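This report refers to the structure that appears directly beneath it.
Keep in mind that this is a model prediction, so the values were computed, not measured. Letters A, B, ... are given to chains in the order of the sequence lines, protein chains preceding strands, and every chain is numbered from 1. These numbers come from the heavy atoms of this one structure, side chains and all, not from hydrogens, waters or symmetry mates.
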2 protein chains.
Amino acid sequence: MILQIDPSSGLAIYDQIVRQLKFAVASGKLRPGELVPSVRELSKQLAINPNTVARAYRQLQDEEVLESVRGLGMQMAAGSAKRCRADRKKLISARLKEVFREARQSGLLRSDISSLIEKELKSFPETVEADTP
Amino acid sequence: MILQIDPSSGLAIYDQIVRQLKFAVASGKLRPGELVPSVRELSKQLAINPNTVARAYRQLQDEEVLESVRGLGMQMAAGSAKRCRADRKKLISARLKEVFREARQSGLLRSDISSLIEKELKSFPETVEADTP
DNA sequence: GCTACTGTACTATCTCACTAGTACACGCGT
DNA sequence: ACGCGTGTACTAGTGAGATAGTACAGTAGC
């Protein structure tokens, strides 16, 4: 379970964690009942404060993506995969729309954007998603 | 000269102003010597604090996009169009790359992304840019 | 000269995200 | 029972962005 944080990305750190865990659930990298790294462990890995991790986990709990096992850790909640797949699509779609909105506003031509997109799509793998139980 | 601000966008308000004025210069909507709205005027239009506008204008001045005319206002600096066109491409490209990076990480398929992109490209006008002097 | 605008330059305050630290209760293994 | 992990729940502080307010100097129009 590898998460990455970019403090300069403009997204709050806890939000980055929330997103990445949702993606992990959506893509089957995280399975129902599987424990996520503990608050202290992940904060060490990411070199951030435990409270920041705790905040992300709390939100994911509120959204029924994770559930807490007192004294043991936090695990993926059963039945959250479908919800996360829908969320994943919404999250990515929203960002893409926003970039396109700005690109339109900026006065760039469609051809300018298309060539940028083609470049990026080239490095985009067409892979089969992990099995979901 | 119409600027828009979205406080929930994740970009600092002053940064949104900076970007939009760069785009206006890049696309020829703002011409050399043309005055931008005054600090007080724009802050009224956007319902934000004058100091926030002043900060954006200061940055644009530092980057030689705008130049100040004491008692008169701020005008577009001669020769900044070329620089802004390069900046525009960089700014949009950077955001696009970032969205693609996250999309790849999220486990979405290329086909999922492609269909989202096609939808957005449909609404992307292929227009001729305003003349630049 | 006066008025109304302009940018510039402060000071003080607020909010949010994040950090740091601490303490408690729970669960597991020995 | 003890030790070591876990999440949870605080308190206090920092930095960035934003707000509010004020004052000064410059410019233009009357």
ask   = Checking all strands, does B:Q75 fall into the base, sugar-phosphate, or nothing category for heavy-atom contacts under 4.0 angstrom?
value = nothing
task = Answer with yes or no whether the side chains of A:S27 and A:R88 bring together a donor and an acceptor at under 3.5 Å.
result = no
message = For D:dT8 and A:R58 - does any side-chain N or O of the residue sit under 4.0 Å from the phosphate oxygens OP1/OP2?
response = no
A:K22, A:R58, A:R83 screened by side-chain hydrogen bond (donor to acceptor under 3.5 Å, both in side chains) with A:E63, the one that passes = A:K22
Rounded distance in Å - CD1 (B:I5) to C1' (D:dT19) = 15 Å
ask   = Would you say a side-chain N or O of B:Q61 is under 4.0 Å from OP1 or OP2 of C:dT8?
value = yes
query = Hey, does the side-chain of B:R40 have a donor or acceptor N/O within less than 3.5 Å of a partner on the base of C:dG7?
reply = yes
query = Phosphate oxygens OP1/OP2 of C:dG7: is one of them under 4.0 Å from a side-chain N or O of B:S68?
reply = no
inquiry  = Without decimals, in angstroms, what is the distance between A:E67 CD and C:dC26 P?
reply    = 19 Å
query = Taking atom P of C:dC18 as reference, at what distance in whole Å does atom CG of A:D6 sit?
reply = 12 Å
First encountered from the 5' end of DNA chain C, between A:L11 and A:G71 = A:L11
key: Separation of D:dT8 P from A:L72 CG (nearest whole Å)   = 12 Å
key: Identified side chain to side chain contact (heavy atoms under 4.5 Å, CB included) partner of A:F100 from the options B:R95, B:E120, B:K119   = B:E120
A:Q20 and A:Q16 side chains, donor-acceptor separation under 3.5 Å = no
key: Interatomic distance where CG belongs to A:L42 and P belongs to D:dG5 [whole Å]   = 17 Å
query = Are OP1 or OP2 of C:dC5 and a side-chain N or O of B:S38 less than 4.0 angstrom apart?
reply = no
query = Is there a side-chain contact between B:S38 and B:Y57 (heavy atoms, below 4.5 Å)?
reply = no
task = Look at the side chain of B:N49 and the base of D:dA20, then say whether one donor and one acceptor between them are separated by less than 3.5 Å.
result = yes
query = Given that B:R55 and A:A54 both sit by DNA chain D, which one's nearest nucleotide is further toward the 5' end?
reply = A:A54
inquiry  = Taking 4.0 Å as the cut-off, does a side-chain nitrogen or oxygen of B:Y14 come that near to OP1 or OP2 on D:dG17?
reply    = yes
key: Gap between atoms CG and C1', on B:D62 and C:dG7 respectively (whole Å)   = 14 Å
note = Winner on side-chain proximity to B:R70, out of C:dT11, D:dT6, D:dA25, is D:dA25
request  = Check the distance between D:dT11's C1' and A:N51's CG and give it to me in whole angstrom.
outcome  = 10 Å
request  = Give the nucleotide from the list D:dG7, D:dT11, D:dT19 with an atom nearest to the side chain of B:T52.
outcome  = D:dT19
message = I want to confirm an ordering. Mapping A:D15 and A:V69 to their closest nucleotides on DNA chain C, which one lands closer to the 5' end?
response = A:D15
message = Less than 4.0 angstrom from a charged side-chain N to a carboxylate O is my criterion; do B:R101 and B:E98 meet it?
response = yes
remark   = In whole angstroms, the gap separating C1' of D:dG21 from CD1 of B:I48 amounts to 16 Å
